[in-house]
2 protein chains.
Amino acid sequence: MSETQLRDALNTLKSSGVRITPQRHAILEYLIHSMSHPTADEIYRALEKTFPNMSVATVYNNLRVFREAGLVKELTYGDSSSRFDFITHDHYHIICNDCGKIVDFHYPGLDEVEQLASHVTGFEVESHRMEVYGTCSACSSGGNRAKAQ
Amino acid sequence: MSETQLRDALNTLKSSGVRITPQRHAILEYLIHSMSHPTADEIYRALEKTFPNMSVATVYNNLRVFREAGLVKELTYGDSSSRFDFITHDHYHIICNDCGKIVDFHYPGLDEVEQLASHVTGFEVESHRMEVYGTCSACSSGGNRAKAQ
DNA sequence: CTCTAGTTTATAATCGTTATAAACAGTTTA
DNA sequence: TAAACTGTTTATAACGATTATAAACTAGAG
């Protein structure tokens, strides 16, 4: 399944004229397989064994390329650095205020919100963003003091 | 009406043991009256006539104090700097992808989303965040090239 | 009015991200 | 295969928002 995703993603890139370099392959693969929401720096550190000479700029450059190709979404929460999420199908995130863990969940479209907003404000609506915040079961049940992902 | 808001906010601060300095008064007043969603730097520049010696750190410090007191919400979008929103009553934001303008709109609670998310993920839900993105009428109708607010 | 803890100021430091220019590599052309 | 072109990576510096620090100051309690 994730192999299919990777192949599809590479095809998407190729067909929009983007070269497939080993670094790009690796970053994409990491994003798809990690099933997490890594920061640019996490990706960089995860791949530095395989690419000892790769620079952070390469990670940022390629994340931008992927974002512009519609493969990756950039998540900006309150904390200092952005997180990057490989776009599979529509899902939302719930984030633990305590340890920072991010869990995906699905919810049938919020199209009506977009419609109302468009009607009230006169905007042409393109997309929306929604997150839920709370405390994960590990943190609320006791002493989970680690800052996860 | 906004006078009431200001007075209430000052009382909230006092009752949680926060000193009311002239700078704090001015920042709060600016946030309430501006009806916009300024960055820390915008607040700083707006008040530098009145407080020529005020430093940016003061703005940041006090925005943090206000946030911790529940008076102000910090909005982190994709762009480099945070925006700050005086909390009146629940509303959402629609943001122009073109010029960055932020318009408020109201929408009856998304409590069911919180409930579903809580049920599916096991989190104790505390809050949620939602924004709509699109193009404002000024930008979609023609040549609004300015980067507003 | 005095005292003190909290606040402001000025400045430097931090850190995520972006810009730059040189070295490099994949692809096309011959 | 070789030369040339173009996009990519690397290394490094620059940038800008935010935070830390320490000294000077002041709101508010008594």
Side-chain angles (χ1 to χ4, degrees), chain A residues 10 12-28 30 37-69 71-84 100 147 149, chain B residues 9-28 30 37-69 71-84 100 147 149:
Chain A
L10 292 173
T12 303
L13 288 176
K14 262 184 227 161
S15 63
S16 39
V18 175
R19 284 188 197 163
I20 309 302
T21 66
Q23 294 89 336
R24 284 184 177 154
H25 192 113
I27 295 173
L28 260 187
Y30 180 78
H37 310 80
T39 62
D41 191 62
E42 282 165 8
I43 299 173
Y44 172 65
R45 289 206 308 274
L47 299 181
E48 70 182 351
K49 304 138 205 163
T50 325
F51 299 91
N53 292 322
M54 187 170 67
S55 85
V56 222
T58 301
V59 176
Y60 280 102
N61 286 340
N62 290 330
L63 287 171
R64 175 155 28 85
V65 170
F66 299 159
R67 173 160 47 84
E68 285 165 357
L71 293 174
V72 160
K73 202 194 294 190
E74 183 172 357
L75 312 171
T76 58
Y77 303 132
D79 52 351
S80 45
S81 43
S82 290
R83 301 185 164 277
F84 296 88
K147 292 288 170 189
Q149 33 177 338
Chain B
L10 292 174
N11 285 333
T12 303
L13 288 176
K14 263 184 225 159
S15 62
S16 39
V18 175
R19 285 189 195 162
I20 309 302
T21 65
Q23 294 88 338
R24 285 189 175 148
H25 192 113
I27 295 172
L28 261 186
Y30 180 77
H37 310 79
T39 62
D41 191 62
E42 281 165 7
I43 298 172
Y44 172 65
R45 289 206 307 275
L47 300 181
E48 69 183 350
K49 303 138 206 161
T50 325
F51 299 91
N53 293 321
M54 187 171 64
S55 85
V56 223
T58 300
V59 177
Y60 279 104
N61 287 339
N62 291 329
L63 288 170
R64 175 155 28 84
V65 169
F66 299 159
R67 173 160 46 82
E68 286 165 358
L71 293 175
V72 160
K73 203 193 294 191
E74 181 172 357
L75 311 171
T76 58
Y77 303 130
D79 51 352
S80 46
S81 44
S82 291
R83 301 185 165 276
F84 296 87
K147 291 287 169 190
Q149 29 182 335

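In the text below, chain A, chain B and the rest are named by the order of the sequence lines, each starting its count at 1. These figures come from a predicted structure and were not determined experimentally.
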Among [options], the one nearest [X] by side-chain distance:
X: B:S80; options: D:dA17, C:dT17, D:dA27; value: D:dA17
X: B:Y60; options: C:dT9, D:dA17, C:dT17; value: D:dA17
X: A:Q23; options: D:dT9, D:dT18, C:dT7; value: D:dT9
X: B:P22; options: D:dA27, C:dG16, D:dT9; value: D:dA27
X: B:S81; options: D:dA17, D:dT8, D:dT10; value: D:dA17
X: B:R24; options: C:dT7, D:dT10, D:dT18; value: C:dT7
X: A:V18; options: D:dT8, D:dG28, D:dA11; value: D:dT8

message = What I want to check is whether an N or O donor and acceptor connect the side chain of A:R64 with the base of C:dT17 at under 3.5 Å.
response =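 Not at all, since no donor on one side and acceptor on the other fall under 3.5 Å apart.
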request  = With heavy atoms under 4.0 Å as the rule, sort A:S82 into base, sugar-phosphate or nothing.
outcome  = sugar-phosphate
Does a side-chain N or O of [X] approach OP1 or OP2 of [N] to a distance below 4.0 Å, or not?
X: B:T58; N: C:dT9; result: yes
X: B:N61; N: D:dT19; result: no
X: B:T21; N: C:dT8; result: yes

message = Does any part of the side chain of B:T12, heavy atoms only, come nearer than 4.5 Å to the side chain of B:V18, both counted from C-beta?
response = no
task = Check whether any side-chain heavy atom of A:E42 lies under 4.5 Å from a side-chain heavy atom of A:R83, and answer yes or no.
result = yes
task = Tell me which of B:G17 and B:A57 sits closer to the 5' end of DNA chain C, going by the nucleotide each one is nearest to.
result = B:G17
request  = Write down the atom of A:A69, the atom of A:L13, and the distance for their closest heavy-atom approach.
outcome  =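 Closest pair (atom of A:A69, atom of A:L13, distance): CB-CD2, 3.9 Å.
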query = What are the two closest non-hydrogen atoms of B:E74 and B:F84, and how far apart are they?
reply =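 Looking at all heavy atoms of both residues, the shortest contact is CG-CE2, 3.7 Å.
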Spacing between [X] atom [atom1] and [N] atom [atom2], to the nearest angstrom:
X: A:Y77; N: D:dT18; atom1: OH; atom2: C1'; answer: 21 Å
X: A:D41; N: C:dT18; atom1: CG; atom2: P; answer: 14 Å
X: B:F51; N: C:dT9; atom1: CZ; atom2: P; answer: 8 Å
X: B:F84; N: D:dA17; atom1: CZ; atom2: P; answer: 12 Å
X: B:N53; N: D:dT26; atom1: CG; atom2: P; answer: 10 Å
X: B:D79; N: C:dT18; atom1: CG; atom2: P; answer: 12 Å
X: B:R19; N: C:dG6; atom1: CZ; atom2: P; answer: 7 Å
X: B:N62; N: D:dT19; atom1: CG; atom2: C1'; answer: 14 Å

request  = Using the side-chain contact (heavy atoms from CB on, under 4.5 Å) rule, pick out the option among A:T58, A:V56, A:N62, A:V59 that qualifies with A:I43.
outcome  = A:V59
task = Could you tell me the separation between the CD1 atom of B:I27 and the CZ atom of B:F51, rounded to the nearest 0.5 Å?
result = 8.0 Å
